[in-house]
Asks: 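Take a look at the following structure, please.
Each chain gets a letter, A, B and so on, in the order its sequence line appears, and its residues count up from 1.
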Protein chains: 2
Amino acid sequence: MAYSYKYPRPALTTDCVVFGLDDTDLKILLIQRDQPPFAGEWALPGGFVQMEESLETAARRELEEETGLNKLFLEQLYTFGEPGRDPRDRVVTVAYYALVNLQEHAIQAATDARAAQWFPVAELPALAFDHDRIIHTALKRLQGKVRYEPIGFELLPTKFTLSQLQKLYEKILAQPLDKRNFRKKILSMNLLIDLGELQQDVAHRAARLYQFDPQKYQTLKQQGFNFEI
Amino acid sequence: MAYSYKYPRPALTTDCVVFGLDDTDLKILLIQRDQPPFAGEWALPGGFVQMEESLETAARRELEEETGLNKLFLEQLYTFGEPGRDPRDRVVTVAYYALVNLQEHAIQAATDARAAQWFPVAELPALAFDHDRIIHTALKRLQGKVRYEPIGFELLPTKFTLSQLQKLYEKILAQPLDKRNFRKKILSMNLLIDLGELQQDVAHRAARLYQFDPQKYQTLKQQGFNFEI
DNA sequence: TCAAAAGTGTTGATATTACACCCATGC
DNA sequence: GCATGGGTGTAATATCAACACTTTTGA
């Protein structure tokens with residue numbers, strides 16, 4: 001049954017834009033290439049889709065192989081297939097983006113010993129292929145989506161403060177938000193569980209810790225509720 | 001240079017969900033298959049991506065070959081690549097969706113003599129492959145996008161009345177809208193040019209004709225304006 | 001006691017919703 | 001003259017934006 005269609009076929013890969021957030025920056029995880037083309041340059045984690053795996057499975061497998069990260073929030077972004085985007089051959093790539101919280105997921109040395117490193121989105125190095133364009137598309141998608149879906153929580157630890165959440169939105173949307181209005185809005189949605197716990201070891205008044213309630217969100221969504229920041 | 005990557009490759013196709021609007025319904029254009037698998041069933045227009053053409057070019061080429069339609073609004077939707085979605089072989093398809101106004105674009109007999117026919121979205125026939133899933137995804141995308149981008153105008157003739165526009169939104173969003181509030185909102189955006197002309201040959205008071213002003217939209221958008229219905 | 005961030009309400013402006021009647025036209 | 005859709009305004013309500021001070025804690 002294989003190869004019923006006797007036409008030349010483009011090669012098919014997946015690439016993944018992994019976003020992480022730390023105290024100072026929104027960051028993207030890149031891999032240093034050790035093979036031509038673009039040897040020594042930085043690129044998105046990714047690789048070839050195997051014949052028996054789905055596209056998303058391929059994206060997750062490559063991510064784990066190259067960075068040790070797994071069980072991330074992962075969503076298809078866009079498919080890039082201009083002839084000439086790979087100098088050797090026609091290669092079509094299905095791009096994904098992922099969100100990870102840096103506190104709870106440390107990246108491992110890649111199994112094939114290639115360097116993996118986080119870069120602030122404002123300080124990206126030169127990138128292989130059209131990966132700058134893919135990252136640009138992913139940033140736009142993240143900015144659009146974070147306002148209408150509660151995906152921002154994927155970038156935070158399970159327990160977080162309202163200030164952490166506000167800073168997350170300020171960094172992604174690149175605009176300041178009013179503290180009181182932000183708290184009013186987010187708390188009025190009733191999507192956060194007040195854990196009754198406080199931050200530890202901070203050199204100022206400790207903030208309350210909250211947790212996102214995905215089940216509550218599903219329930220409200222079915223009743224016509226729309227998340228919006 | 002071709003075939004630098006010596007791995008088995010999935011076949012790559014594009015498929016296109018073409019939406020059209022007439023007086024009564026939102027419709028989708030389907031092609032009747034004359035070859036197995038799924039011979040006799042209905043399917044989305046589409047076909048194989050050639051090695052030297054971009055994905056969008058492939059989608060437009062297939063559309064024109066199979067339906068005669070060209071120069072449509074066309075946007076990438078999603079890439080479907082589950083193993084098993086084609087019974088013969090691993091086939092990954094990059095799906096697009098298109099918007100066309102039925103008044104100004106008649107479909108032609110397909111060059112390869114396959115039947116092309118419009119179906120109301122509520123009365124779709126049995127579909128080949130996973131095309132029902134692709135259509136479902138396209139409908140959701142259209143419903144989401146039409147509220148935040150002025151793409152609905154692509155489904156109307158150049159000159160249209162406010163009632164036509166309102167009915168368009170009511171059909172796509174599947175909810176009634178208040179006439180006075182709708183008019184207030186849409187006119188307050190200043191995106192419509194009042195042509196100073198009236199409908200002809202209607203058996204009631206003739207309505208004013210309007211035209212969407214894409215340049216105005218671009219200008220406003222750059223100033224931070226957000227279209228929203 | 002100082003620095004640093006947490007936490008908290010009110011007000012005016014703006015936007016949204018609900019709602020009903022007269023108008024123009026062709027038949 | 002009647003059926004059909006075109007066209008119009010207002011009032012009540014809800015939402016949004018702007019804004020400053022007190023509290024808590026550890027160093």
Side-chain angles (χ1 to χ4, degrees), chain A residues 21-25 103 146-148 156-157 159-171 173-211 220 223-229, chain B residues 21-25 103 147-148 156-157 159-171 173 175-211 220 223-229:
Chain A
L21 191 75
D22 68 11
D23 295 330
T24 52
D25 287 301
Q103 281 68 279
V146 83
R147 296 193 51 211
Y148 300 108
L156 293 179
K159 303 176 178 187
F160 53 85
T161 69
L162 293 183
S163 290
Q164 285 178 297
L165 187 61
Q166 182 178 340
K167 274 183 203 142
L168 179 156
Y169 282 102
E170 290 178 332
K171 278 175 205 156
L173 301 176
Q175 59 170 303
L177 298 171
D178 179 87
K179 182 162 64 162
R180 277 179 287 194
N181 292 338
F182 178 80
R183 284 164 181 248
K184 226 180 305 175
K185 186 165 212 166
I186 202 89
L187 289 176
S188 71
M189 294 185 198
N190 286 313
L191 290 174
L192 298 189
I193 301 167
D194 182 342
L195 294 169
E197 301 174 43
L198 297 180
Q199 268 182 319
Q200 299 296 321
D201 304 317
V202 286
H204 53 77
R205 178 172 174 179
R208 301 181 84 82
L209 292 171
Y210 292 86
Q211 190 177 342
L220 289 173
Q223 296 166 9
F225 166 82
N226 284 311
F227 181 89
E228 185 174 347
I229 293 293
Chain B
L21 191 76
D22 67 12
D23 295 332
T24 52
D25 288 300
Q103 282 64 272
R147 296 193 50 211
Y148 301 109
L156 293 178
K159 302 176 179 187
F160 54 84
T161 70
L162 293 183
S163 290
Q164 285 178 296
L165 188 61
Q166 183 179 340
K167 273 182 204 143
L168 179 156
Y169 281 102
E170 290 178 330
K171 279 177 207 157
L173 301 176
Q175 60 170 306
L177 298 171
D178 180 87
K179 181 162 66 162
R180 276 179 289 194
N181 292 340
F182 178 80
R183 284 165 182 248
K184 225 182 305 177
K185 186 166 210 166
I186 203 88
L187 289 176
S188 72
M189 295 185 197
N190 285 314
L191 289 174
L192 299 189
I193 300 166
D194 182 343
L195 293 169
E197 302 174 43
L198 298 179
Q199 267 182 320
Q200 300 297 321
D201 305 316
V202 285
H204 52 77
R205 178 172 173 180
R208 301 182 83 84
L209 292 171
Y210 293 85
Q211 189 177 341
L220 289 173
Q223 296 166 7
F225 167 81
N226 283 311
F227 182 89
E228 185 174 349
I229 292 294

Asks: Without decimals, in angstroms, what is the distance between B:Leu177 CG and C:dT16 C1'?
Replies: 13 Å

Asks: Can you measure B:Ile186 atom CD1 to D:dT8 atom C1' for me and round it to whole angstrom units?
Replies: 17 Å

Asks: Please tell me which of the listed nucleotides, D:dC16, D:dG7, C:dG7, lies nearest to the side chain of B:Ala207?
Replies: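 Closest of the options to the side chain of B:Ala207: D:dG7.
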
Asks: Calculate, to the nearest 0.5 Å, the distance between atoms CD and NZ belonging to A:Gln166 and A:Lys185 respectively.
Replies: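 If we round to the nearest 0.5 Å, A:Gln166:CD and A:Lys185:NZ are 12.5 Å apart.
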
Asks: Write down the atom of B:Arg183, the atom of B:Leu162, and the distance for their closest heavy-atom approach.
Replies: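 Looking at all heavy atoms of both residues, the shortest contact is CG-CD1, 3.8 Å.
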
Asks: Please give, in whole Å, the distance from C:dA18 P to B:Arg183 CZ?
Replies: 18 Å

Asks: So, does B:Gln211 use its side chain to make a donor-acceptor pair with the main chain of B:Ile193 at under 3.5 Å?
Replies: no

Asks: Hey, which of these two, B:Tyr210 or B:His204, hits DNA chain D nearer its 5' end, going by closest nucleotide?
Replies: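 On the 5' side of the pair lies B:His204.
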
Asks: For the side chain of A:Ala203, starting at C-beta, report the closest nucleotide among D:dT24, C:dG26, D:dG26.
Replies: D:dG26

Asks: Indicate, with a heavy-atom threshold strictly under 4.0 Å, whether B:Arg208 touches base, sugar-phosphate, or nothing.
Replies: sugar-phosphate

Asks: Can you tell me how far P of D:dT4 sits from CD of B:Gln199, to the nearest Å?
Replies: 16 Å

Asks: So does B:Lys184 reach the base of D:dT10 with its side chain, donor to acceptor, closer than 3.5 Å?
Replies: yes

Asks: Identify which nucleotide among C:dG7, D:dG9, D:dT8 has an atom closest to any side-chain atom of B:Asn181, counting heavy atoms from C-beta outward.
Replies: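 Closest nucleotide among those given: D:dG9.
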
Asks: Can you check the A:Lys179 NZ to C:dT8 C1' distance for me, whole Å?
Replies: 9 Å

Asks: Could you give the CG-to-C1' distance, from A:Leu209 to C:dA5, as a whole number of Å?
Replies: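 So the two atoms are 14 Å apart, to the nearest Å.
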
Asks: Looking at every non-hydrogen atom in both residues, tell me the closest pair between A:Asp194 and A:Arg208 and how far apart they are.
Replies: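 Reported closest heavy-atom pair: OD2-NE, 2.9 Å.
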
Asks: Rounded off to whole Å, could you give me the CG-to-C1' distance for the B:Leu165 and D:dG5 pair?
Replies: 16 Å

Asks: Go through the N and O atoms of the side chain of B:Arg180 and the base of C:dA20, and report whether any donor-acceptor pair is under 3.5 Å.
Replies: yes

Asks: Looking at A:Leu21 and A:Lys171, what are the two nearest heavy atoms and their distance?
Replies: CD1-CD, 3.9 Å

Asks: Give a yes/no on whether any side-chain N or O of B:Ser163 is located under 4.0 angstrom from OP1 or OP2 of D:dG5.
Replies: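 So the side-chain polar atoms of B:Ser163 never come under 4.0 Å of the phosphate oxygens OP1 or OP2 of D:dG5.
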
Asks: Just how far, in rounded Å, is P of C:dA15 from CD1 of B:Ile229?
Replies: 15 Å

Asks: If you assign each of A:Arg205 and A:Lys185 to its closest nucleotide in DNA chain D, which residue comes earlier from the 5' end?
Replies: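 Taking each residue's closest nucleotide, the earlier one in sequence belongs to A:Lys185.
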
Asks: Using a 4.0 Å heavy-atom cut-off across all strands, classify B:Asp178 as base, sugar-phosphate, or nothing.
Replies: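 Base contact - B:Asp178 has a heavy atom under 4.0 Å of at least one base atom.
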
